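Keep in mind that what you see is a predicted model, and the values were worked out from it rather than measured. In each ligand, atom 1 is the first atom listed, and ligand 1 is the first ligand listed.
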Amino acid sequence: MALQLYNTLTRAKEVFVPVDAAHVRIYCCGPTVYSYAHIGNGRTFTAFDLLARVMKHLYPKVTYARNITDVDDKIMDRAKALGQSIETVTETTTAQFHADMDALNLLRPDVEPRATGHIDAMIAMIGRLIASGHAYAAEGHVLFNVPSMPDYGRLSRRSVDEMIAGARVEVAPYKQSPADFILWKPSADDQPGWDSPWGRGRPGWHIECSAMTAAHLGPVFDVHGGGLDLIFPHHENEIAQSRCAHGTQVMANYWVHAGFLTMSGDKMSKSLGNIFTVAELLDEVPGEALRLALLAAHYRQPLDFSKDGLRQAKATLDRWYGVLRAAQGETGEVPAAKVPDEVLAALEDDLNTPLAFSLLHELANRFHKETEAAARQAVAADFKAAAGLMGLLTQDPEAWFRWVPKGAQGLDEAAIAAAIQARKDARAAKNFAEADRIRKELLEQGVVLEDGPQGTTWKRT
Ligand SMILES: [Zn+2]
């Protein structure tokens, strides 16, 4: 089977045909670094991480780029509100973002360009757009001339009239058409700014991605995407800028968008107070449980997120790590295997994670039913390879079972080891009452003992 992706541009699931099979290039719009990433952001980036992993499994060379937007009015406002410098806000937020994404077991992108590192490229691109009649300067601003592009609006399938009626189109005296959007705007002395042919100023958000993709992936590349809310105006405007600056028919061949995340049926919003950040949830569950919960629904479908779903994800991983622990207990190490065909086929079908997870459950069940040692090992190896492709079950099962929530006073590992030794000694001395007392005492402190052929292992409840 070949990889198929749903393409927002054509509203159809299509077989993926790369521009260059020797080097696949994909881009996901990254965070604007002014505040903590919430789980809606986490969902989008986890979906793209999965896409990058599957692509890397299928193709010899993949460049996955995800940018950092480090110049934006939201950052300026945040810095002012905190009384911090813009650099402090962007640096601390970027470090937090990396820590959150690492905890979700996201691979670092191959390229992570920063907007402020590409200002010259943005100025050059804006210059080309002005020279070709697709942009104009007015009152220190530069605007994209939307009527100059006859098929503007192809991605979002909105007419220019619908866009003008949309709340996000700002009316301003320097605009020739209300649909025109900003490429460059003037900066006051206390705002970040760069010298340009149009005076000291800063770029609009959309031109940042157009310049960064061109610099790192070329004028036409394979996949571009982000959250569903970026289709209009951000992606529509990126396409307009890039196609008009480079004279191409497309910017990217496939546009992939992750669906919304709701909280118990409601849209996440500040006014409803139901926004969870990745960082706060990581205090309550291991990152891998959050990853599993975020991949539980198909990436294009709405995902209804709840604490209950998170607990289920943790319980599922307890079961799955239990398979690895048992298999390791029998032979020491689970060998590397090829990803089973049916799991790969599920992921190649527009990243069908619900099907892939049901196949993982089947493999786990088969492991438990299988009695023959070599067959058990083979199932465990398939299981580990399948989960690994999805960025799951990649840590040592012992580390998984030792995880404690932040702030919880888990019994420390040396004390647990000492208690296990004392119980072993008691059993050797046939003092079973004492051995049982130690087991119960550990249980009261949230530690479950499991006796196996290789000795006693433990996990936290
Ligand atoms: Zn973008």
Side-chain angles (χ1 to χ4, degrees), residues 5 7-9 25-35 37-38 40-49 51-52 63-75 90 93-94 97 101 106 109-119 121-123 125-126 129 135 144 146 149 152-156 158 163 168 181-185 202-246 248 250-260 299:
L5 291 173
N7 188 353
T8 306
L9 201 56
R25 291 156 290 150
I26 66 179
Y27 185 84
C28 176
C29 293
T32 300
V33 283
Y34 70 102
S35 185
H38 61 68
N41 309 132
R43 183 193 194 191
T44 298
F45 298 134
T46 305
F48 272 84
D49 176 71
L51 177 62
T63 296
Y64 170 39
R66 187 188 65 208
N67 73 294
I68 297 277
T69 293
D70 59 354
V71 51
D72 189 277
D73 290 2
K74 288 199 275 281
I75 301 172
T90 57
T93 312
T94 301
F97 176 75
M101 298 304 118
L106 266 58
D110 303 290
V111 197
E112 194 171 45
R114 285 164 191 258
T116 52
H118 296 74
I119 302 289
M122 294 172 208
I123 291 172
M125 194 175 222
I126 294 169
L129 289 169
F144 186 87
V146 168
M149 187 189 189
Y152 178 84
R154 245 177 76 199
L155 181 72
S156 58
R158 294 180 188 212
M163 285 178 243
R168 297 179 84 165
F181 58 88
I182 285 184
L183 303 175
W184 189 262
K185 58 185 163 189
R202 59 192 190 279
W205 175 33
H206 317 306
I207 196 74
E208 297 178 7
C209 286
S210 282
M212 287 186 274
T213 54
H216 297 280
L217 305 178
V220 176
F221 52 95
D222 295 302
V223 178
H224 188 137
L228 209 54
D229 53 330
L230 295 187
I231 295 176
F232 184 83
H234 185 54
H235 288 164
E236 197 72 80
N237 292 350
E238 281 191 43
I239 291 172
Q241 298 159 159
S242 294
R243 282 185 50 200
C244 291
H246 305 301
T248 52
V250 292
M251 177 188 189
N253 285 321
Y254 302 86
W255 288 79
V256 171
H257 292 99
F260 287 120
Y299 77 92

**Q** Would you check if there is a donor-acceptor pair between the side chains of Asn67 and Tyr27 at a distance under 3.5 Å?
**A** yes
**Q** Of Glu238, Arg25, His257, which meets side chain to side chain donor-acceptor pair (under 3.5 Å) against His224?
**A** Glu238
**Q** What count do you get for protein N/O/S atoms less than 2.8 Å from the Zn ion (ligand 1)?
**A** 4
**Q** What residues, two or more places apart in sequence or in another chain, satisfy salt bridge (charged side-chain N to carboxylate O under 4.0 Å, His left out) together with Arg243?
**A** Asp151
**Q** For the pair Asp72 and Tyr34, evaluate side chain to side chain contact (heavy atoms under 4.5 Å, CB included) and give the outcome as yes or no after the intermediate values.
**A** CA-CA 9 Å; Asp72 189 277; Tyr34 70 102; 5.9 Å; no
**Q** Is there a donor-acceptor pair closer than 3.5 Å between any side-chain N or O of Asn253 and the backbone N or O of Asp222?
**A** no
**Q** Between Glu208 (side chain only) and Thr69 (backbone N and O only), is there a donor and an acceptor less than 3.5 Å apart?
**A** no
